[in-house]
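Whatever order the structure lists them in is the order used to number ligands and atoms, beginning at 1.
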Amino acid sequence: MTAVTDNQTRGIATANPETIARAATLLQNGELVAFPTETVYGLGADATNSHAVAGIFKTKQRPDFNPLIVHVGRKEDIAKLVEINDVALRLIEKFWPGPLTLILPRLDGCPVSELCSAGLPTLAIRMPAHKTAQTLLKKAGRPIAAPSANRSGQLSPTTPKHVADSLGADAPFILADGPCTLGLESTVIDLSADTPVILRPGGVTPDDISHTLGQTIDIATPHGSDDTAPRSPGLTLRHYAPRLPLRLNAVDLKPGEALLAFGSDKFMGIQGGGSAKDLPEDSIRNLSPDQDLHEAAANLFRMLHDLDAQDGTDVKHNAIAVMAIPETGLGLAINDRLRRAATAQLNDN
Ligand code: TXA
Ligand code: MG
């Protein structure tokens with residue numbers, strides 16, 4: 001194991017009080033850190049920092065913005081994040097800390113980046129049982145978003161070496177603490193609707209849950225292999241769709257459209273006369289004036305929400321036009337989410 005100096009943001013370091021403190025500082029500074037949990041190694045980032053969270057998708061080379069699990073060091077830490085119900089309380093009492101992830105409605109004013117929810121009104125939360133993870137989370141003092149620390153399409157890592165091999169030159173600081181005891185991802189259960197549904201079987205079995213709740217629990221199918229993301233997303237995972245119609249790859253604006261820009265919007269004209277600079281402030285957002293895909297990813301869901309018609313707000317536009325975003329790197333994930341958002345609207349109609 002390499003020694004870690006004060007300003008080092010990469011390398012593998014054996015977990016001890018000093019390296020854990022170092023990892024916590026990195027997280028607070030918006031850097032990524034790979035850390036051990038009892039299930040698999042996670043690729044962590046400050047969940048309240050959209051830019052840091054966007055770095056997770058970039059490093060994983062994830063082709064879409066699957067929502068992420070947010071990790072906490074203490075049970076009470078979730079009180080400011082999600083709406084807790086009776087079923088959640090019983091499961092937390094029985095299985096936390098441990099390999100059970102709960103999906104619950106986000107609270108108003110929840111400080112977690114919308115990128116973690118992939119634009120959904122819910123948030124996945126978990127308190128890991130691993131001592132090093134707990135110390136790190138408490139020291140970081142904020143919720144930490146963490147998918148498994150592997151490149152998308154590869155197996156979840158259960159040793160520090162897996163992480164280093166899978167992420168290669170993009171590997172962040174890796175806090176090493178031997179192999180994961182469980183080696184299988186957490187069970188994900190959706191408690192945001194009337195009936196609890198298991199979205200991903202994992203460390204806690206459906207029988208354990210059924211027994212605790214005194215009722216049979218449905219398991220949603222089918223599941224894909226990587227991250228066990230649903231293969232037919234519409235079946236199990238709702239997708240964020242703005243209320244207003246979304247028009248992609250716009251090269252100009254139709255009257256009444258708001259603009260979600262990428263890069264310079266100087267030459268965006270409005271059909272019939274005028275240009276983007278004439279739009280009211282509430283009708284224009286720019287994902288990244290500098291065409292930085294990382295910045296665009298961090299801004300995506302927040303800006304879509306800004307431009308969408310919210311209850312009780314008086315917006316001056318009736319549709320959203322989105323400028324083209326390159327189909328490279330994080331642009332693939334951004335376009336995937338935009339297309340899904342646009343298609344979900346078609347399916348709803
Ligand atoms: O054991 C684990 O859960 C590991 C360790 C690091 O904690 N994490 C992990 O994260 O496996 P990830 O991102 O690889 O898998 C998260 C799963 C995905 O299938 C995702 O679609 C689902 O949880 N998920 C997260 N938030 C969700 C939400 N709001 N609604 C529905 N599904 C959600
Ligand atoms: Mg995964």
Answer yes or no: does an N/O atom from [X] fall short of 3.5 Å to an N/O atom of ligand 1?
X: His71; result: yes
X: Arg126; result: yes
X: Lys60; result: no
X: Ser117; result: no
X: Tyr41; result: no

Does some non-hydrogen atom of Met127 fall short of 4.0 Å from ligand 1?
no

Give a yes/no on ligand 1: does Ser148 have at least one heavy atom closer than 4.0 angstrom to it?
yes

Heavy-atom check, side chain of [X] versus side chain of [Y], under 4.5 Å:
X: Leu300; Y: Leu338; result: yes
X: Pro289; Y: Glu295; result: yes
X: Ser148; Y: Lys60; result: yes

For atom 6 (C) of ligand 1, which of the options Gly42, Pro105, Ala118 provides the nearest non-hydrogen atom?
Gly42

Rounded distance (nearest 0.5 Å) linking atom CG of Leu330 with atom CZ of Phe65
5.5 Å

Per-atom contacts, ligand 1 versus [X] - under 4.0 Å to a heavy atom:
X: Ile69; answer: 3 (O), 8 (N), 9 (C), 10 (O), 16 (C)
X: Ala124; answer: 25 (C), 26 (N), 27 (C)
X: Ala146; answer: 6 (C), 8 (N), 10 (O)
X: Asn66; answer: 21 (O)

Are a donor atom and an acceptor atom from the side chains of [X] and [Y] found within less than 3.5 Å of each other?
X: Ser192; Y: Asp190; result: yes
X: Glu185; Y: Ser156; result: yes
X: Thr101; Y: Ser186; result: yes

Between [X] and ligand 1, which part of the residue brings a heavy atom under 4.0 Å of the ligand: side chain, backbone, both or neither?
X: Arg62; answer: side chain
X: Pro67; answer: both
X: Thr122; answer: both

Checking side chain to side chain contact (heavy atoms under 4.5 Å, CB included) against Val72, which of Leu137, Leu81, Ile144 comes through?
Leu81

Between Asp170 and Arg151, is the closest basic N to carboxylate O distance under 4.0 Å?
yes

Counting N and O atoms only, with roles assigned by atom type, does the side chain of Asp252 sit under 3.5 Å from a partner on the main chain of Gly269, one being a donor and the other an acceptor?
no

